[in-house]
Structures are given as C-alpha cells and as structure tokens.
Colleague: 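Let me begin by handing over the structure; questions about it come next.
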Number of protein chains: 2
Amino acid sequence: MVAIRLDEIDRKILAELQADGRMTNVELAKRVGISAPPCLRRVRTLEESGLIRGYHADVNSRELGFEVQVFAMVGLESQAEAELTAFEERCREWPLVRECHMLNGEVDFILKCVAPDLSSFQQFLTGKLLTTPNVASVKTSLVIRGAKDEPGVPFDVLEERMNRTA
Amino acid sequence: MVAIRLDEIDRKILAELQADGRMTNVELAKRVGISAPPCLRRVRTLEESGLIRGYHADVNSRELGFEVQVFAMVGLESQAEAELTAFEERCREWPLVRECHMLNGEVDFILKCVAPDLSSFQQFLTGKLLTTPNVASVKTSLVIRGAKDEPGVPFDVLEERMNRTA
DNA sequence: GGCAGATGCGCAATAATCTTTCGTGAATGC
DNA sequence: GCATTCACGAAAGATTATTGCGCATCTGCC
C-alpha cells in the first residue's frame, strides 16, 4: 500500500464522511471548501488507497430483534500460529460473532457477539464455541447497556497531532 | 418508537445498505426488485423509524496513525446508578474511548480505545482513566491483530428466523 | 358479494447531483 | 528560466433523486 500524503482538506473529507457517509458530493465539497470535481477525485483517491474501506448503514440491531450482546474472552490450549489462524477462521464463519480481536495478556481473543435472545447465545456458546478444538476457556459478559458506540477515528485528536507536528 | 412491520424487501434494503451504504437508490431498487420511488420511500421510512441510525464511512484508523487499539476492563468502587452514569458521561467526553459498554459480572465496563501509540495510551490511562474518581480497577489488553470487524446485524440469521416464524 | 378506505406500486416529469472534459494557474525540479 | 506536474474550477452531458399522480391490491365492514 502506497503511503498517501493527506492535507487538511483530505482529513476534513474523512471526518465528514465518517460522520455522514451518504452526504452528497456537492455538500461535501461545500463543507471542505473546494468545488465538486476535485472533491470527488479526492474521495475516489481515498477509497482506492484503502483509507476509506467502505460505507455502511448503521442498523439498529436491537430493534431488529438482536436483543443480546455479549463479550466473550477466549483462551486457547495452543497459541501456535496455525492454531490462532484456525480459530480466527472459525470466528469469520460464525455469523453471531461480529468482531474478533487477538489480545495480549491472559486471554487470547475477545469476541463481540450478538444474538436474538439468551438461549440462542447459550446454544451458540455450548454448541459451537465451547466444542471447538483447542478452545481452553471462555468467559462471557453480557452487555447491560451501551453508553458509547462510535467506532472510527477521533479526528479532533488527529488534528491536534498534525498541528503539533506541523 | 412505533413498531415497524418489515417485509422481505425491507430486510433486503437493510442488508444491502449495511453492506454498501453509498449504493445509489437506483441500484438498490434494482437489487431488491422494485422501482426507484417506492424504494426511496422505504429507505426514508427506515431512517425515520430509527432502524437506520445513520451512514458512516469506514475509515482505516491504523493508516491514519492510530496504531494502538486497546480493550480496557473497568471496575468501579460504587455501582450506584448516579456513579454509573457519571462514568459513562466521562467516557463520552474522552475521544480515545470509542466504545463503552456496561457489563454484568466482575467487571463493570469494557472500553474500546484507540491511540496513536503506546505512550499516548499510557498517558490517557494514568492521567485520565486511573485518576477518575470512583474507578477502582483497570485491566488493559492490547489488540495484537484484528481477525474480524463487522459491526452490524447478521442478516442471514435474521432471515432464518423469519422463515421459521412465518 | 360488494363497497370505501388505506396502502403501496410504477410511470412520467422535473430538480438535483454526479462525472467527464478541458483550460488555467501555482508549485516543483532541472 | 523553462518544462513538468499537479490540482483546481467552469461547463456540459449523463445519471440519479424526488415529486405528483393514476392504478392495482388488500382489508375491514356492511
């Protein structure tokens, strides 16, 4: 991947599109202070460079019937690379697992899971996760309530750093 | 919030927009099998009902210079409601904290944080998080690598359930 | 059975946006 | 000093969004 030089306009574009991914290009151009054509070119460049991975609607999963959200800490018997990737592959195939991160420390992986109800999750836990070879331990924690959920980049922090560097 | 009745077309719309939030309405209409005007009306209804919370560009935070991602498990001294909401409010103000979920079990909260580097995070940890009143314990785990990161709804599971119910 | 009323579709037309093309000016390097 | 590169912005055509309206289907109720 090629290193991309970003100016302030590019960072504004990223911040605006992170906040509202369906903004029209003319509106975006207006906000970042250039005309539409160069703005669109910049967006395309950001997409092609991989800095923008994609655009997604933020769907209210609870309203859709996924009322349970669970964090699962998973420990494996063996931490050999082949075993690690094997487990990751499993996680990618389980639809209830929405995130899987490999961690340092006591626990090997943390999973964020959703499920329609507790019994669905229990079924997944006992039927899939716990019976997976090489899984040594699983500790689960139910999400009681969410207080903040804004995946993405804190652009205010980024601007601070750029100003300090520049 | 009014309960919305969703048919198969609505669920398809949600699935498509979750996968690609910038899809044009014409393309979306084609994919779900209706013409553009009713498709747009359905999308507006889904937005107004809150089922679609918004649209966001998925920005590659690592490429942007946020190379560190950390999960922090926080325990509080007091779990009185006033204390819980006070802590949640703090989390909303900290830009490095991208997610904050209240959990059951030993730990009270799990935070997902990002930072430009380890020292930035350590600075946040010792200077902000650990000095916050009522914070009793913090256990942090660095993310070594991400294996899956698809926040959202598993629509294949949803369709399965609808077919079973119907 | 048959009649409102409600709901939702699609066609057509207009408004807005996207996207390409092209000419210009500033910055860079030789 | 001059060529090259780069990015901008105006203009125009293609595409898309959005509105208005007529029609079919479904529902509840005589």
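Note on naming: letters A, B, ... go to the chains in the order of the sequence lines (proteins, then strands), and numbering restarts at 1 for each one. The structure displayed is predicted, hence computed values, not measured ones. Note: hydrogens, waters and symmetry copies are ignored here, and every other heavy atom, side chains too, is used.
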Colleague: CG of A:Leu76 to CE of A:Met102: how many Å apart, nearest 0.5 Å?
Modeller: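 Going from the CG atom of A:Leu76 to the CE atom of A:Met102 covers 9.0 Å.
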Colleague: If the condition is side-chain hydrogen bond (donor to acceptor under 3.5 Å, both in side chains), which residues does B:Gln69 pass it with, not counting sequence neighbours?
Modeller: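 By the side-chain hydrogen bond (donor to acceptor under 3.5 Å, both in side chains) rule, B:Gln69 matches no residue at all.
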Colleague: If you round to the nearest 0.5 Å, how far is SG of A:Cys39 from CZ of A:Arg31?
Modeller: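 Here the rounded value is 11.5 Å.
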Colleague: Separation of A:Leu6 atom CG from D:dC6 atom P, in whole Å?
Modeller: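 Going from CG in A:Leu6 over to P in D:dC6 covers 17 Å.
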Colleague: Mind calculating the distance between CG (A:Asp10) and C1' (D:dC8) to the nearest angstrom?
Modeller: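 Roughly 14 Å, once rounded to whole Å.
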Colleague: Over how many whole Å does the gap from A:Ile34 atom CD1 to D:dA10 atom P extend?
Modeller: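 Distance, rounded to whole Å: 12 Å.
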Colleague: Give the minimum heavy-atom separation between B:Glu83 and B:Ser78, together with the two atoms involved.
Modeller: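 Residues B:Glu83 and B:Ser78, closest heavy atoms: CG-OG, 3.2 Å.
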Colleague: B:Phe71: which other cluster members, linking ILVMFWY side chains closer than 4.5 Å, directly or transitively?
Modeller: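 So far as hydrophobic clustering goes, B:Phe71 is joined with A:Phe71, A:Met73, A:Leu103, A:Val107, A:Ile110, A:Val143, B:Met73, B:Leu103, B:Val107, B:Ile110, B:Val143.
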Colleague: Any chance the side chains of B:Tyr55 and A:Gln18 put a donor and an acceptor closer than 3.5 Å?
Modeller: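 No, A:Gln18 and B:Tyr55 have no side-chain donor paired with an acceptor closer than 3.5 Å.
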Colleague: At under 4.0 Å between heavy atoms, how does the protein contact nucleotides 16-22 of chain D? Give one character per nucleotide, 5' to 3', with B, S or -.
Modeller: SSSB---
Colleague: Each residue besides B:Val26 in its hydrophobic cluster should be listed here, by chain and number; the cluster joins Ile, Leu, Val, Met, Phe, Trp and Tyr at side-chain heavy-atom distances under 4.5 Å.
Modeller: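 Other cluster members: none.
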Colleague: Rounding to an integer number of Å, can you tell me how far A:Asp7 CG sits from C:dA26 C1'?
Modeller: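 Result: 15 Å.
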Colleague: To 10°, what angle do the rotation axes through the five end pairs on each side of the helix from C:dG1-D:dC30 to C:dC30-D:dG1 form?
Modeller: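 Axis angle across the helix from C:dG1-D:dC30 to C:dC30-D:dG1, nearest 10°: 40°.
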Colleague: How close or far is atom P of D:dG9 from atom CG of A:Leu28, stated in whole angstroms?
Modeller: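 After rounding, the reported distance stands at 13 Å.
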Colleague: Which residues pass the side-chain hydrogen bond (donor to acceptor under 3.5 Å, both in side chains) test with B:Arg42, not counting sequence neighbours?
Modeller: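 Checked B:Arg42 against side-chain hydrogen bond (donor to acceptor under 3.5 Å, both in side chains); matches are B:Asp7, B:Asp10.
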